[in-house]
Amino acid sequence: MRLSVIRSDVYYQLRMLLRSKGTLFWILFFPVMLMFLFGLIFSNADEMHVTMHVLDLDDSETSRGLVDNLSAMDFLTLETIPEDVDAEDVQTYINDNDVTAALVIPDGFADAVLINMAYYMDSPEEFNATFGAISPTDAASGKVPPFLTNFTAFKSLGAQGPVNTTLTLYMDESQQSVTGVVRGVVGGFTQGMNMQILFATETIYLEEDSSSPEGFDFIDFFMPGVIGLSLMQNAIYGAILRNTKYREMGLLRKFSTTPLKRTEYIMSKMAYTVIMGFVSTGVIIAIGVLAFGVNVHINLWAFLMIVAVSFAFSGLGMIISAYVKEEETADSAAGAITFPMMFLAGTFFPLEMMPSFLSIVARFLPLFYVNEGLRAAMIYNDATGALYNTGIVVVLAIVFFGIGSMVTTWKED
Amino acid sequence: MAAAIQIRNLKKQYGDLWAVNNISFDVKDGEVFAFLGPNGAGKTTTVEMIETIRVPTGGTIRVLGKDLRKDVEFIKERIGVLPQEFRSYDRLTVRETLLYFQAFYRKRTDVDELIALVNMKDKKDELYMNLSGGLKQRVGIAVALVNDPDIVFLDEPTTGLDPRARQDVWKVIRGLRSKGKTVFLTTHYMEEAEVLADMVCVIHKGNIIAQGTVQELIDRFGKSSRIIIRGCNAKRASAAVAPLGLKSSSPGNGDLTIPVGDREMVLDVLSALKNKNVKYRQVDIRRPNLEEVFLNLTGESLTEEEGGK
């Protein structure tokens, strides 16, 4: 193997690349575009805004209190449905006005709340805790309704037993993210009111914190995925281009008549692929750091992974194009392999978001280990995870590249 | 002269088909050797076996005195090949293309001299993709010369070129000959072989059916020359030459075709016409050519487009 030959080949390939705007776009700007697109979409996820329409048929102090509490949520905007719309017309109103979420508070809601409170109240202490001690003067003055003057009077309200009242929530199920939020919020409020009515004391508290130790965002998850994806695409399509288009151009036949060795040729193409891998990784990291503040760890594992991925997927491309000789057909074959892999291997979304059998499928996909390994190395700085996944990709690289090199031939039959 | 290439009992089989069927021939040092035959005759299969692109089913190939199977690296350093329908990298300039391929070889020639040889000085910094078909072919020939090879293989170098571009390529090939290179040319244009070749080898269905210089082939396999009397009364003219023992034929458009074995007969024909006072517009004399040789050898036309003529 002559280094001068490899150097010359790499040099002219880079020259050609700089003259090809189309290839430059796919290698460099496509991953950048992906970064910005997904980065911006998901970095705004927690700033979601929901408009909910409310029809308050009860129009009582209690129902207005509920509406006020809901409108205090800053991601929720409440709109009142006009009073002339009654319970039967709500569905029509929703359809006509393109409403995503609507809450209907039934007539008699406040009364039901009071009756149930009275039914479940057990002692004067609970009465005082809820309504405060009512002084005899106030009671006598008529400022408070007679049933609120003391526990016994209040308790008699619930003598007939508890009454059910139903809040109705209308939601557009096609907007899953919105319905999820609304269901959660309104559900939380009704739950809270039920607790108050039952005089339950909160004993279990829920506190939220980020599950990732350094406070990782979606972009931290996503960036290594974009790197893995573009490494895979560059390697596999590059190998296919060389083995199909170059064959059709007569270049491979020409090479076989020269002293150029197949190993020299393959190694120079690999050197080029690895260089391009580092360039595109560098560009993606630069966007991640500068535009989205990703905290990246540069280490040996990441370095090794980039080399291994380039070899593994170049090998896969060589295998494909050894059997599928036409450029376009080989491209489609590569697409059929990489496109599903892109989604199933956890490039854009964590596997936890998928049905469990798909996460088993993912474990058979090379890109899965690439993504996991790059995340472990670059983001979580987790040496064990990086070592394990990089090891798997290195083994895949040896197998794929070995077979690919064996089945790639310049000779004609 | 020594044999630059020596082929013995060369065979290539594809399934049941013998694409090259036990052929033997020599190419002498310094000659332009034309391998002539219609598409599918086995030309490219043969030349690609010599160029190390294809592996023969049987037989031996010796190039520059070395066995191709044993000394392939030695041979690769000393041959230059323009494969059939070769295209180079779109986004390298002419000069860069030559430098790129030159890096593969130990022996290297001066690239700028090469550019001059193919008459492309003013195009040397042009990208390959922006060149016309004829210029691309000339770059291909130049690429085949970057190692100053002893033998140059040109596989159908003018296929698809317009007449003007073809002439330019021919000029380059003549230049190679004058530099003493052995040129192995495959073509299905008989005119190309006639104009360029010192030696012509005719291949048909995997077999060599004739070999010799152009003149030898025409003498052996060409029919007689023909005299065509144009714009005459064919009946009267035919009667006038009949005493000479010549059979003539007319398509009925006032032309009369008279095959003559000997070119000396031309004068006899013309004086016979004059004696009988036969008027005519002009006289054409047609020499037999390789196309006719091929037609006589195989009963088939050499090329489809020329078959109609």
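Each chain gets a letter, A, B and so on, in the order the sequences are listed, and its residues count up from 1. Only heavy atoms go into these numbers, but all of them, side chains included; no hydrogens, no water, no symmetry mates. Note that the structure is a prediction, hence the values are computed from the model and not measured.
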Legend entry - chain A contact via B/Thr93 - side chain, backbone, both or neither, heavy atoms under 4.5 Å: both
Inset, instruction - Examine whether an atom of B/Val143 lies under 4.5 Å from a heavy atom of chain A, and if so say whether it belongs to the side chain, the backbone or both; otherwise answer neither. - result: both
Inset, instruction - Would you confirm whether the ring centroid of A/Tyr12 sits within less than 6.0 angstrom of the ring centroid of B/Phe101? - result: no
Inset, instruction - Heavy-atom pairs under 4.5 Å with chain B are the metric here; pick the option from A/Thr257, A/Asp9, A/Val5 that has the most. - result: A/Thr257
Inset, instruction - Quick one: which of A/Ser4, A/Ser256, A/Pro259 has the most heavy-atom pairs under 4.5 Å with chain B, could you say? - result: A/Pro259
Decide yes or no for [X] and [Y]: does some side-chain heavy atom of the first lie under 4.5 Å from some side-chain heavy atom of the second?
| X | Y | result |
| --- | --- | --- |
| B/Phe104 | A/Glu264 | no |
| B/Gln84 | A/Arg253 | yes |
| A/Arg15 | B/Arg91 | no |
| A/Met16 | B/Leu92 | yes |
| A/Arg19 | B/Leu127 | yes |

Inset, instruction - Mark yes or no for whether A/Lys254, through its side chain, and B/Val81, through its backbone, hold a donor-acceptor pair below 3.5 Å. - result: yes
Does [X], at its [atom1] atom, have more than 12 non-hydrogen atoms belonging to other residues, nucleotides or ligands within less than 6.0 Å?
| X | atom1 | value |
| --- | --- | --- |
| A/Phe29 | CZ | no |
| B/Lys123 | NZ | no |
| B/Lys107 | NZ | yes |
| B/Lys205 | NZ | no |
| A/Phe303 | CZ | no |

Residue [X] versus chain B: region with a heavy atom under 4.5 Å:
| X | result |
| --- | --- |
| A/Thr258 | both |
| A/Arg2 | side chain |
| A/Phe255 | side chain |

Legend entry - Minimal non-hydrogen separation, B/Ala103 against A/Ser8, with atom names: CB-OG, 3.5 Å
Legend entry - Non-hydrogen atoms of B/Thr52 and A/Lys411 that approach each other most closely: O-NZ, 2.6 Å
Inset, instruction - Test side-chain contact (heavy atoms from CB on, under 4.5 Å) on A/Leu260 and B/Tyr105 and set out the steps. - result: CA-CA 8 Å; A/Leu260 176 69; B/Tyr105 296 93; over 6 Å; no
Inset, instruction - Decide side-chain contact (heavy atoms from CB on, under 4.5 Å) for A/Trp410 and B/Ile53; before the verdict, give the C-alpha distance in whole Å, the side-chain angles of both, and the deciding distance to 0.1 Å. - result: CA-CA 8 Å; A/Trp410 287 341; B/Ile53 297 173; over 6 Å; no
Inset, instruction - Name the option with the most non-hydrogen atom pairs under 4.5 Å to chain A; the candidates are B/Glu96, B/Glu85, B/Lys12. - result: B/Glu96
Inset, instruction - Sort out for me which of B/Arg106, B/Arg54, B/Arg87, B/Glu73 touches chain A most, counting heavy-atom pairs under 4.5 Å. - result: B/Arg87
